[in-house]
Amino acid sequence: MTIVEQGSGPAPQAAADLIKETTTQTFVKDVIEESKRQPVLIDFWAPWCGPCRQLTPLLEKAVRAAKGKVKLVKMNIDEHPAIPGQMGIQSIPAVIAFVNGQPADGFMGAIPESQVTAFINKLTAGVPGAGEPNIAEILKEAEAVLAEGDPATAAQIYAEVLAADATNIAALAGLAKAYMATGAIEQAKQTLAMVPESKRNDPAVKAVQAAIDLAEQAKSLGPVTELEQKVAANPLDHQARFDLATALNASGKRADATHQLLEIVKRDRKWNDDGARKQLVQFFEAWGPTDEATTEGRKRLSTILFS
């Protein structure tokens with residue numbers, strides 16, 4: 001099983017994903033952040049509340065009927081009193097609609113199904129930006145999630161973008177990068193194959209392609225320890241040092257990989273048709289221009305080349 005279900009491809013969220021319970025700890029993610037993609041209803045309820053038991057099924061039915069234009073998040077105020085307390089919720093059931101990270105509308109008490117449906121229709125049709133996801137914000141969030149080390153969640157976010165726009169280059173590149181983060185090279189290659197030829201020079205696409213190429217190079221190499229022993233035995237074995245750098249990069253040891261290639265550049269710039277420098281440039285492309293290893297590596301390479 002991959003981080004995005006195999007065979008299904010990027011697809012709209014399942015109905016089950018439209019309705020969930022939240023906690024004080026997950027409220028920001030489930031409601032505030034999620035409402036930047038589509039409106040979110042937060043239903044404050046409690047087990048002892050009779051009107052809550054009447055309203056909640058109507059809310060769930062109406063949300064499912066909206067088919068992804070709105071989400072429903074439920075919070076048990078007995079178990080999680082902090083958020084409703086901060087929001088001034090004094091009676092339940094209380095439903096607050098969030099749009100673009102802010103409260104936009106709401107109602108209190110159990111209301112008929114027709115009014116629930118009308119409320120949701122008004123929310124998705126009458127609020128500026130409602131139902132129209134902010135793609136740039138979503139992509140930015142996915143990138144941040146991936147940077148934090150959660151490729152599975154990032155992949156789901158990228159898949160949401162692709163469900164709305166199957167040709168979004170940033171989302172395709174991001175999804176491929178998320179696959180690479182889990183070592184799913186074949187899935188990453190399949191995702192990049194969806195990028196039109198005319199867009200292959202996009203920096204994000206080139207970066208993932210470089211990462212794929214480097215990962216495939218590393219497949220054929222021996223263990224890092226064996227390569228280290230070869231280099232220690234013969235410091236002038238540039239091929240062993242080159243292979244060691246590639247293996248170190250595949251292990252996430254970017255600084256060490258940079259050091260090995262710079263050693264080759266210092267010892268024999270012309271080796272293998274300037275191969276060490278070219279490999280280092282490919283590293284930089286795969287890591288991205290803002291990565292700490294890239295900026296530091298460029299400084300050290302420049303010092304060697306232009307000193």
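- The side-chain heavy atoms of Arg300 and His259, taken from C-beta on, include a pair separated by under 4.5 Å.
- With a 4.5 Å cut-off on side-chain heavy atoms, Asp78 and Trp48 count as touching.
- Put simply, the side chain of Thr295 does not reach to within 4.5 Å of the side chain of Thr290, judged on heavy atoms.
- Using modelled atom types, one finds a donor on one side chain and an acceptor on the other under 3.5 Å when comparing Asp165 with Thr167.
- In this structure, Trp271 is a member of the same hydrophobic cluster as Leu301, with clusters built from ILVMFWY side-chain heavy atoms closer than 4.5 Å.
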Begin with the C-alpha distance, continue with both residues' side-chain angles, and end with the deciding distance and a verdict on side-chain contact (heavy atoms from CB on, under 4.5 Å) for Leu305 and Arg269. CA-CA 9 Å; Leu305 297 180; Arg269 167 73 188 275; 3.0 Å; yes
Under the salt bridge (Lys or Arg N to Asp or Glu O under 4.0 Å) rule, what do Lys230 and Asp243 come out as? Steps first, then yes or no, please. CA-CA 10 Å; Lys230 281 187 178 182; Asp243 292 344; over 6 Å; no
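- The distance from atom OG1 of Thr22 to atom CE of Met75, rounded to the nearest 0.5 Å, is 5.0 Å.
- In terms of heavy-atom proximity, Ala97 sits nearest to Phe119 at CB-CZ, 4.0 Å.
- Closest heavy-atom contact between Ala82 and Thr24: CB-CG2, 4.2 Å.
- Between Lys266 and Glu263 a salt bridge is recorded (basic side-chain N to carboxylate O distance below 4.0 Å).
- Separating the NZ atom in Lys199 from the CE atom in Met194 is a distance of 15.5 Å, to the nearest 0.5 Å.
- The minimum heavy-atom distance between Ala155 and Leu175, with the atom names listed, is CB-CD1, 3.7 Å.
- Considering all non-hydrogen atoms of both residues, Ala286 and Ala211 come closest at CB-N, 3.7 Å.
- Ion pairing of Lys122 with Asp105 is present here, as a side-chain N (NZ or NE/NH1/NH2) and a carboxylate O approach within less than 4.0 Å.
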For side-chain contact (heavy atoms from CB on, under 4.5 Å), just list the numbers for Ile83 and Phe44, CA-CA rounded to whole Å, side-chain angles, deciding distance to a tenth of an Å, and then say yes or no. CA-CA 10 Å; Ile83 297 296; Phe44 294 106; 4.2 Å; yes
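- Counting only distance, with no hydrogens or angles, the side chain of Thr117 and the backbone of Ala62 share no donor-acceptor pair below 3.5 Å.
- Residues Pro289 and Trp287 form no side-chain contact, since every pair of their non-hydrogen atoms from C-beta on lies 4.5 Å or further apart.
- Counting only distance, with no hydrogens or angles, the side chain of Ser251 and the backbone of Ala247 share a donor-acceptor pair below 3.5 Å.
- Under 4.0 Å is where a charged nitrogen must lie from a carboxylate oxygen, and between Lys36 and Glu141 no such pair does.
- Ion pair Asp30/Lys71 not flagged as a salt bridge, since none of the NZ, NE, NH1 or NH2 atoms sits closer than 4.0 Å to an Asp/Glu carboxylate oxygen.
- Taken together through direct or relayed side-chain contacts under 4.5 Å among Ile, Leu, Val, Met, Phe, Trp and Tyr, Met180 and Tyr158 form part of one hydrophobic cluster.
- Leu18 and Val99 fall within the same hydrophobic cluster, where Ile, Leu, Val, Met, Phe, Trp and Tyr residues are linked whenever their side-chain heavy atoms come under 4.5 Å apart, directly or through other members.
- You'll find the side chain of Ile77 reaches within 4.5 Å of the side chain of Ile92, heavy atoms only.
- A distance of 10.5 Å separates OG1 of Thr23 from NZ of Lys29, quoted to the nearest 0.5 Å.
- Taking CD1 from Ile111 and CD from Gln54, the interatomic distance works out to 12.0 Å, rounded to the nearest 0.5 Å.
- Minimum heavy-atom separation, Pro93 to Cys49: CD-SG, 3.9 Å.
- Note on Leu162: it clusters hydrophobically with Leu139, by side-chain heavy-atom contacts below 4.5 Å among ILVMFWY residues.
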Checking Ile185 against Lys189 for the side-chain contact (heavy atoms from CB on, under 4.5 Å) test, could you report, in this order, the C-alpha distance in whole Å, the side-chain angles of both residues, the deciding distance, and whether it holds? CA-CA 6 Å; Ile185 299 175; Lys189 289 167 66 177; 3.9 Å; yes
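- Counting heavy-atom neighbours within 6.0 Å of Lys61 NZ, excluding the residue itself, gives a total of 12 or less.
- Environment of CD in Gln25: crowded, with over 12 heavy atoms of neighbouring residues, nucleotides or ligands closer than 6.0 Å.
- One finds the CG atom of Leu248 at 6.0 Å from the CD atom of Glu228 (value rounded to the nearest 0.5 Å).
- The pair Arg277-Asp274 meets the salt-bridge criterion, with a side-chain N (NZ, NE, NH1 or NH2) lying under 4.0 Å from an Asp/Glu carboxylate O.
- Using modelled atom types, one finds a donor on one side chain and an acceptor on the other under 3.5 Å when comparing Asp213 with Gln209.
- We find that Glu143 and Lys177 are not joined by a salt bridge, their nearest charged nitrogen and carboxylate oxygen being 4.0 Å or further apart.
- Between Met108 and Ser91 the shortest heavy-atom distance is SD-OG, 3.6 Å.
- Looking at Val205 and Leu172, their side chains never come closer than 4.5 Å, going by heavy atoms from C-beta outward.
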For Lys278 and Asp273: C-alpha separation, side-chain torsions, deciding distance, then whether side-chain contact (heavy atoms from CB on, under 4.5 Å) applies. CA-CA 9 Å; Lys278 291 176 181 177; Asp273 192 23; 3.3 Å; yes
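- In this structure, Leu55 is a member of the same hydrophobic cluster as Leu123, with clusters built from ILVMFWY side-chain heavy atoms closer than 4.5 Å.
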Could you please spell out the steps behind the salt bridge (Lys or Arg N to Asp or Glu O under 4.0 Å) verdict for Glu60 and Lys74? CA-CA 10 Å; Glu60 293 178 350; Lys74 298 181 285 187; 2.6 Å; yes
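- Formation of a donor-acceptor pair under 3.5 Å by the Arg254 side chain with backbone atoms of Phe284 is not found in this model.
- Proximity of Val231 to Asp237: side-chain heavy atoms (C-beta onward) are nowhere separated by under 4.5 Å.
- Atoms OG1 and CD, from Thr191 and Glu186 in turn, are 11.0 Å apart once rounded to the nearest 0.5 Å.
- At least one side-chain heavy atom of Arg64 sits under 4.5 Å from a side-chain heavy atom of Ile19.
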